[in-house]
Each structure stands twice: as C-alpha cells, then as structure tokens.
Amino acid sequence: MTGWLKNYSPQRFLISFGLAAFVGLMASVASEVFVLGIAWINEVLFVAPHAREDANSAVLLPWFTVFAPVVGGLIVGGLLLLLRGNRPHGIPDVIFASQTGGSHIPVRTGLLTTFTNFTSIGFGASVGMYGPLASLGAFVGSLLAKVTADHRRLGVIAVACGVSSAISTAFNAPIAGVIFAHEVILRHYSIRAFAPVTISAYVSQVMATEVFNRPRLLEVGEVSIQHAYEYGAFLLVGVVGAVVALFYMRGVLLSGKLAGKLPLPVWAKPPLAGLALGLVCLGVPELLGAGLETTKATLNIEQVRGGNLDYITGMTTMNAIINTEVVLKALLLLAVLCLGKSIMTGFCLGMGFGGGVFSPALFVGATFGAVFGLALEALVPGSLNLSFYAICGMGAVTSAVIGAPISTILVVFELTENYDLAKAVLISVVFSNIICSRLFGRSLFDVQLLARGFDFSLGKDKVVLQQKTIRDYVTHEFVKVTPETPCSQTLDRLLAADQTEGYIVNESDTYLGQITLNELLQIQRDPAKADPAVGDIAQHEQITLTDMTSIFAAMKKVEDFVGESVPVVSAKDHLKLVGVIPEGNIFKAYSDAIGEIREEEYGDS
C-alpha cells in the first residue's frame with residue numbers, strides 16, 4: 001500500500017483523464033463529420049440506395065454507377081503517390097504503433113489517409129467505413145497527445161482513446177468501444193489504460209446521442225428463439241461462418257498479392273478497379289459503398305418479410321429477394337450479395353482504394369446468416385426468425401476477421417438489448433474464432449502484420465524485442481590487437497585488462513578473428529615453441545553481431561555461445577569492429593525492454 005501511495009501521481013491522473021475526455025470529444029466530432037460527409041457524397045453520386053429510388057435519376061443512374069468509382073479511383077490514385085509506401089494508414093498500422101510504443105502518427109500521413117479513405121467510400125468503392133473511423137480516431141488521439149509534456153507515456157493510451165471514441169460514436173455502443181480498444185489495439189487490460197479509454201468512449205457516446213442525435217446504425221428489431229434445436233443451428237452457423245470468414249480474409253490477401261504483380265503504375269490501379277466495380281454494380285447496386293443500408297436491411301429481414309419495406313428502399317437485389325416466392329431464387333440472390341461483397345471488397349482494397357474490412361465483414365456475415373436461416377427454414381417444419389441467423393452470421397464472420405470476439409458480442413448486446421440473442425451469438429462467435437485462429441490466425445490484421453515481418457502471435461514482447469537494438473549495450477572497453485602482435489605481448493595486455501578475450505583487427509579496424517586467454521597460456525607453457533603472432537592462431541569462425549542487431553535476434557544467436565563477449569561490427573560495414581557485447585549485457589537488454597513494456601502497460605498514470 002505504501003509503495004502504491006509513493007507512486008501515486010494525482011497530476012498524471014488528471015492529465016490522462018482530461019486528455020481522454022478531450023480526445024473523446026474531438027474524435028466524436030471528427031467521426032461525425034466524416035460520416036456525414038460520406039453520406040452527402042453518396043447521396044449526390046447516387047451511391048446511397050434511397051438516392052437511387054428517385055425517378056428523376058433513372059437516366060443518369062447507370063452513368064453515375066459506372067463512373068463515380070472511376071473518378072474516385074483517379075483521385076485516390078493521385079493520393080497514393082503522396083503516401084509513404086503508396087498505401088493509406090490502416091488498423092494494422094495502429095496496432096503496430098500501439099504495441100511497439102511508437103504512437104506518433106505523422107500529420108501528413110494521418111491527413112492523407114483520412115482523405116484517401118473519405119474519397120474511396122464517398123465515391124462508392126466497396127470498402128468499409130468503421131476501420132477508417134478507428135484510424136481517424138487514432139490519428140486524433142496521437143495528435144492531441146502531443147500537447148502534453150508526457151506524450152511518450154500517454155501517446156499509446158491517447159491512440160486507444162481515439163479508437164474507442166470512434167467505435168462508440170459509430171455504433172452508439174460505448175462498452176463495445178472500450179473493449180474493442182483493449183482487445184484489438186492495446187491487447188492488455190490495466191486500470192492505467194482502462195479508465196481513460198472508458199472516459200473517451202462515454203464522452204463520445206454522449207456527443208453522439210445528445211448532440212448529434214445519431215440513431216444506432218445497426219439497430220435491429222425484437223427477435224427470439226422459436227425452437228430448441230436452433231441452439232445446435234447457432235453452433236453450425238459458427239462453423240460454416242468460419243469458412244466464410246476464411247474465404248473473405250484469404251480473398252483480401254490474395255487480391256493484394258495479385259494486384260501487386262500487375263504491370264501498371266500505382267495511380268492507374270484504383271480507377272481500373274472502380275470501372276470493374278461500376279460495371280458489376282449495374283446488376284447488383286448493393287455492392288457499392290460500405291453497404292451499411294444493405295447490412296441493416298438484412299439484419300432486419302424478418303421485419304422486411306413482415307411488410308416493413310422502408311429498410312430496402314432503392315435496393316434492387318433485396319427487393320427481388322423479398323418479392324420472390326421461390327426459395328431457391330432468394331437463396332441464390334442472397335449468396336450473390338455475400339459472395340459479391342467478399343470478392344469486390346478484396347479487389348478494391350488490393351487495387352489501392354482506401355477503406356476497411358470491418359463493414360464488409362458485417363455485410364458478408366449478415367447475408368451469409370440470412371442464407372443459412374432461409375435454407376434451414378426450407379428444410380425443417382415451421383417458420384424461423386431469419387434476423388436471428390443474420391445476426392449470428394454477422395457475429396461469426398466479423399469477430400473472426402477483426403479478432404474481437406468479446407467486442408462483437410457486446411456490440412450485439414448493446415444494439416439489441418436482447419440477452420437470448422447475445423447467448424446465441426456467443427455460441428456462433430466462439431466456434432468461428434476457434435476454427436479461424438487455428439487455420440488462419442488471430443485476425444486479418446495480425447496476418448497482414450505477419451506479412452510485413454511482425455509476428456504478434458506470441459504477444460507484443462517478441463515484436464518489441466525485434467524493434468529494439470543492442471547498440472546501447474555495446475561496450476568499447478576491450479583488448480584490440482593487430483595480427484602481427486606476438487602472443488606473449490597479447491597475453492600481457494589481457495592480464496593487465498583483466499579480460500579473457502582479445503580481438504584481432506588490421507589498421508582499418510577490420511575484424512579478423514579472436515584469441516582467448518586460455519589459448520595464449522597453452523602456448524606459453526611450451527617454451528620450446530617460438531612466440532607466434534596472434535594472427536596465425538586466431539579463431540576466425542566466431543559469431544558476430546552488428547550494432548543494429550535486434551535484442552531478439554541477438555538472444556537467438558547466442559543460445560549456444562560459449563565465451564565472455566561477442567564481437568560487434570558496423571551495420572554499414574560488416575567488417576569493421578565497433579565494440580563487443582558481453583553475454584550478460586544481452587540479457588540486461590532483454591530485461592530492460594520487458595521492464596519498459598510492463599511499465600507502459602501497468603505502471604502508474
């Protein structure tokens with residue numbers, strides 16, 4: 001208790017809480033502007049379904065459908081040339097920044113990413129909105145953290161606050177926003193982060209409901225379980241949903257690889273994708289944009305079947321599904337939506353459009369669940385509540401894609417306030433995540449980071465150790481001799497320095513080998529032998545490290561090392577000896593790095 005009081009800092013608590021509230025406020029405003037701006041552009045360009053219902057737009061509709069994504073692609077192509085790495089900043093980058101402590105998001109990168117995502121979604125690219133909102137929230141948090149004197153310690157928390165605020169505003173679900181920030185971004189729970197993140201989420205939720213009067217974007221009607229055997233069906237939804245999620249995630253990754261092989265300049269790929277998307281959407285317009293309206297209609301499919309057709313205004317395919325009396329035709333049309341969204345989202349992202357995978361996963365999961373429920377209803381006696389299956393399918397697919405099973409369940413519970421439904425989604429989510437984690441990975445974001453060389457499967461420790469180098473632990477106090485130096489003279493120098501190893505270099509400090517005290521003493525014991533030069537008996541096959549070797553790589557390399565120190569050569573010139581690192585210093589570097597991680601996670605605020 002005394003130790004806690006000693007480390008307790010009221011000033012730090014006040015700063016972190018004040019920053020959290022301000023981040024929540026500003027991230028909520030930024031998210032609202034982002035969403036309203038996209039909604040306005042979607043309306044003008046006839047991307048939004050209800051805008052397409054206007055009879056006056058009948059002549060212009062095909063032209064806007066095809067060419068709006070093309071124009072958006074041209075703008076995005078130009079923006080990609082300005083972005084570092086020719087790609088926008090996404091959720092994987094936010095995860096990496098928060099896990100490695102590098103929470104600073106450059107202003108240029110943040111602004112260009114936001115504009116790229118805004119243009120992509122606004123002009124109808126088949127990509128998600130919630131990922132860009134989370135990235136925008138992270139950028140706001142990173143930006144505002146700079147005003148504090150302790151921005152190094154508060155930066156990661158501020159980023160998490162921004163993400164939780166964006167999710168809370170978008171879904172009108174503050175609890176899910178808090179858990180999402182911890183489950184996907186921070187990946188640990190501590191009161192040091194939990195309290196500020198909670199403050200941000202609730203400030204955003206108050207702004208969304210009391211100031212902006214935002215409805216719940218995915219609010220669904222009353223649903224209930226009608227048959228006991230459906231509990232087994234929900235489990236099966238999770239199993240089959242895992243297959244759907246795997247198809248979707250592998251499609252996104254494959255599209256990126258194939259697009260990278262196209263012999264086209266970076267700027268030309270997005271408009272080409274826009275043209276292909278536009279032509280496809282002449283037949284299936286629901287694939288345009290983020291598809292939130294179609295997702296909401298599918299989640300409320302039971303109400304639509306009951307006669308509430310407001311949900312499907314302007315949706316050609318959804319109207320055909322509801323109006324047909326042929327079950328097979330309805331199944332095929334729903335399958336077209338599910339499969340089409342999976343393919344077009346991967347295609348658009350792979351070709352360079354900005355956007356996320358979260359919203360399309362909701363779309364794909366909801367339509368898959370509706371297909372499953374409709375097929376089951378045709379096979380068993382009695383009617384089923386298709387909304388139940390749409391919601392379970394949405395949870396099964398989305399949770400596996402974003403690696404957030406708990407957040408997904410909480411989103412459903414907060415949006416529906418239906419405990420039975422939350423239990424059903426829980427079953428589907430658990431089995432979907434078990435299968436996907438075994439066959440694919442924790443999430444699509446983790447696999448994307450793994451492709452860049454960052455493996456978070458064992459937690460953040462390994463990645464942090466891969467980022468930190470041994471440079472600060474290299475010592476320059478060692479015995480250095482030339483190849484011509486006699487063994488007797490080298491022995492005297494080692495004894496005077498109280499060291500057991502000498503390092504042989506030429507006049508330009510090129511590393512040539514190593515000699516040990518034990519070897520020199522054995523030569524001295526035989527007076528019949530001449531006094532050879534150390535260059536003649538040097539050990540040339542010793543391991544070496546560079547001054548930029550990571551702590552993780554150094555530890556792996558010295559696992560079987562026997563000796564006092566490891567020679568360290570320059571990373572720029574691998575032949576030049578710049579120092580040595582005692583084996584104990586490598587383990588000290590490891591201990592210091594892990595200590596910093598634990599202090600960042602659980603230290604005082």
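What you find for A571 and D547 is that their closest heavy atoms are N-OD1, 2.9 Å. Between G356 and P132 the shortest heavy-atom distance is N-CD, 3.6 Å. The two atoms that bring G128 and S359 nearest to each other are CA-CB, 3.6 Å, heavy atoms only. Annotation for V127 and P360: closest pair C-CG, 3.8 Å, computed over non-hydrogen atoms. Contact record, S204 with G24: OG-O, 2.8 Å, taken as the closest heavy-atom pair. In this structure, I105 and S142 approach most closely via the heavy-atom pair N-OG, 2.9 Å.
Checked against a 6.0 Å centroid threshold, the rings of F180 and F171 do not count as neighbours.
Between the R108 side chain and the R84 main chain, no donor and acceptor come within less than 3.5 Å of each other. Q489 contributes no side-chain N or O that, together with a main-chain N or O of P486, makes up a donor-acceptor pair within less than 3.5 Å. Of the possible donor and acceptor atoms, one in the side chain of T169 sits under 3.5 Å from a partner among the backbone N and O of S165. Under the 3.5 Å distance criterion, the side-chain polar atoms of K269 are matched with a main-chain donor or acceptor of A259. Without hydrogens or angle criteria, T549 side chain to T546 main chain gives a donor-acceptor distance under 3.5 Å. A distance-only check finds no donor-acceptor pair linking the side chain of S432 to the backbone of V429 [under 3.5 Å]. A donor-acceptor distance shorter than 3.5 angstrom exists from the side chain of R493 to the backbone of K480, with no hydrogens or angles considered. For the pair S200 (side chain) and A20 (backbone), a donor-acceptor distance under 3.5 Å is present. At distances below 3.5 Å, at least one donor-acceptor pair connects side-chain atoms of S437 with backbone N or O atoms of I434. Checked by atom type and distance alone, the side chain of E501 pairs as donor or acceptor with a backbone atom of S565 at under 3.5 Å.
Remark: R250 engages no residue in a salt bridge (Lys or Arg N to Asp or Glu O under 4.0 Å) (not counting sequence neighbours).
Rounded to the nearest 0.5 Å, atoms CD1 (I91) and OG (S443) are 10.5 Å apart. For the atom pair L362 CG and M129 CE, the distance stands at 11.5 Å (nearest 0.5 Å). To the nearest 0.5 Å, the span separating OG1 on T500 from CG on L521 amounts to 10.5 Å. A distance of 7.5 Å separates CD1 in I515 from OG1 in T490, rounded to the nearest 0.5 Å. Taking OG of S135 as the start and OH of Y130 as the end, the distance is 15.0 Å to the nearest 0.5 Å.
In F454, the CZ atom is crowded: over 12 heavy atoms of neighbouring residues, nucleotides or ligands sit closer than 6.0 Å. Enclosure of atom CZ in F22 is not indicated, since only 12 or fewer non-hydrogen atoms of other residues, nucleotides or ligands lie within 6.0 angstrom.
Here R452 pairs with D93 in a salt bridge; the nearest charged N to carboxylate O distance falls below 4.0 Å. Here R187 pairs with D446 in a salt bridge; the nearest charged N to carboxylate O distance falls below 4.0 Å.
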Exercise. side-chain contact (heavy atoms from CB on, under 4.5 Å) between N506 and T482: does it pass, once the steps are laid out?
Worked result: CA-CA 5 Å; N506 61 16; T482 62; over 6 Å; no
For this session: For the pair W267 and L80, evaluate side-chain contact (heavy atoms from CB on, under 4.5 Å) and give the outcome as yes or no after the intermediate values.
Result: CA-CA 7 Å; W267 64 267; L80 291 179; over 6 Å; no
For this session: Evaluate the criterion side-chain contact (heavy atoms from CB on, under 4.5 Å) for residue pair S550 and T469; output intermediate values, then yes/no.
Result: CA-CA 4 Å; S550 70; T469 69; 5.6 Å; no
Problem set entry | Intermediate values then yes/no, side-chain contact (heavy atoms from CB on, under 4.5 Å), M555 and I586 | CA-CA 7 Å; M555 292 188 64; I586 296 177; 3.7 Å; yes
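Using cut-offs of 30° and 60° on the angle between ring planes, the pair F118 and F34 is perpendicular.
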